[in-house]
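Counting from 1, the numbers follow the sequence of the chain as shown. Fair warning: this is a prediction, and the values are worked out from it, not measured in the lab.
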Amino acid sequence: MSETEKTSVAALISVILRRKINRVIDVKWLVKNPEYAREIINISRELDLSDLNDYASHLENLMFGSVTASAVKPKPVDEEIPKNPAQIDGGNDEDNVGEIDPSKYVGSLR
């Protein structure tokens with residue numbers, strides 16, 4: 001299929017993942033690397049969101065020519081997402097609870 005269509009679907013998946021679980025993915029690499037694409041498709045299906053599942057199935061069809069159901073039982077999403085910003089940075093919970101390191105952001109936008 002066309003690279004444009006693959007890139008379009010990958011961009012839609014990227015937006016949903018960023019908004020729902022704050023996960024940033026590389027759209028160009030997703031289109032070029034089948035292994036990375038399979039992993040992102042699996043992550044998308046684990047979230048069990050209808051629109052994301054549709055896009056994941058469409059991307060799988062574009063990249064691999066078939067749509068298969070995920071054989072792995074999805075893990076609950078709550079266990080995968082850190083609740084504390086300190087956990088994301090790998091820092092100590094007592095050191096910087098509620099603090100945001102401004103050096104990690106460009107300007108005032110996150």
Side-chain angles (χ1 to χ4, degrees):
M1 287 290 163
S2 77
E3 291 293 311
T4 305
E5 191 172 2
K6 290 178 189 176
T7 303
S8 297
V9 175
L12 290 168
I13 291 171
S14 173
V15 169
I16 294 171
L17 288 175
R18 182 175 42 88
R19 288 183 179 166
K20 296 293 183 180
I21 64 170
N22 201 26
R23 171 123 186 192
V24 178
I25 63 171
D26 187 338
V27 174
K28 286 184 181 180
W29 190 241
L30 177 63
V31 172
K32 300 288 183 192
N33 186 312
E35 186 176 319
Y36 184 66
R38 287 188 198 281
E39 186 60 31
I40 296 301
I41 289 167
N42 289 336
I43 289 170
S44 298
R45 288 196 173 127
E46 287 176 1
L47 295 175
D48 200 29
L49 300 170
S50 62
D51 54 345
L52 190 57
N53 283 337
D54 293 341
Y55 293 138
S57 296
H58 187 61
L59 181 66
E60 185 177 40
N61 190 27
L62 290 173
M63 296 211 44
F64 308 112
S66 66
V67 178
T68 59
S70 179
V72 179
K73 184 178 178 183
K75 299 179 216 171
V77 177
D78 294 338
E79 294 176 7
E80 298 174 7
I81 302 172
K83 301 295 183 197
N84 187 337
Q87 292 173 330
I88 295 171
D89 297 333
N92 191 350
D93 288 343
E94 291 88 26
D95 291 345
N96 56 359
V97 173
E99 294 179 21
I100 298 175
D101 184 7
S103 66
K104 294 186 178 187
Y105 302 100
V106 176
S108 62
L109 297 177
R110 190 171 183 184

If you compare all heavy atoms of A10 against all heavy atoms of V27, which two are closest, and at what distance to 0.1 Å?
CB-CG1, 3.7 Å

dist M63:CE -> N33:CG (nearest 0.5 Å) comes out at 7.5 Å

Please evaluate residues E3 and K32 with respect to the criterion salt bridge (charged side-chain N to carboxylate O under 4.0 Å, His left out), reporting the C-alpha separation (whole Å), side-chain torsions for both, the decisive distance (0.1 Å), and the verdict.
CA-CA 9 Å; E3 291 293 311; K32 300 288 183 192; 3.8 Å; yes

Can you measure from CG (L47) to CD1 (I21) and round to the nearest 0.5 angstrom?
5.0 Å

The test is side chain to side chain contact (heavy atoms under 4.5 Å, CB included); show your working for L17 and I40 and say whether it passes.
CA-CA 10 Å; L17 288 175; I40 296 301; 4.0 Å; yes

Please report the interatomic distance CG(N53) to CD1(I41), rounded to the nearest 0.5 Å.
11.0 Å

Can you measure from CD1 (I13) to CD1 (I43) and round to the nearest 0.5 angstrom?
11.0 Å

Consider only side-chain heavy atoms of I, L, V, M, F, W and Y, link residues closer than 4.5 Å, and tell whether V15 and L30 are in one cluster.
no

Considering non-hydrogen atoms only, spot the tightest contact between R45 and S57 and give its length.
NH2-OG, 3.3 Å

Y36 side-chain N/O to D26 backbone N/O, donor-acceptor pair under 3.5 Å
yes

Check whether V31 and Y55 end up in the same hydrophobic cluster, where Ile, Leu, Val, Met, Phe, Trp and Tyr are linked by side-chain heavy atoms less than 4.5 Å apart.
no

State whether the side chain of S8 and the backbone N or O of T4 hold a donor-acceptor pair below 3.5 Å, judged by distance alone.
yes

Separation between CG (N42) and CD (E60), nearest 0.5 Å, reads 8.0 Å

So, taking the atom named CG in L49 and the one named NZ in K20, what distance separates them when rounded to the nearest 0.5 Å?
6.0 Å

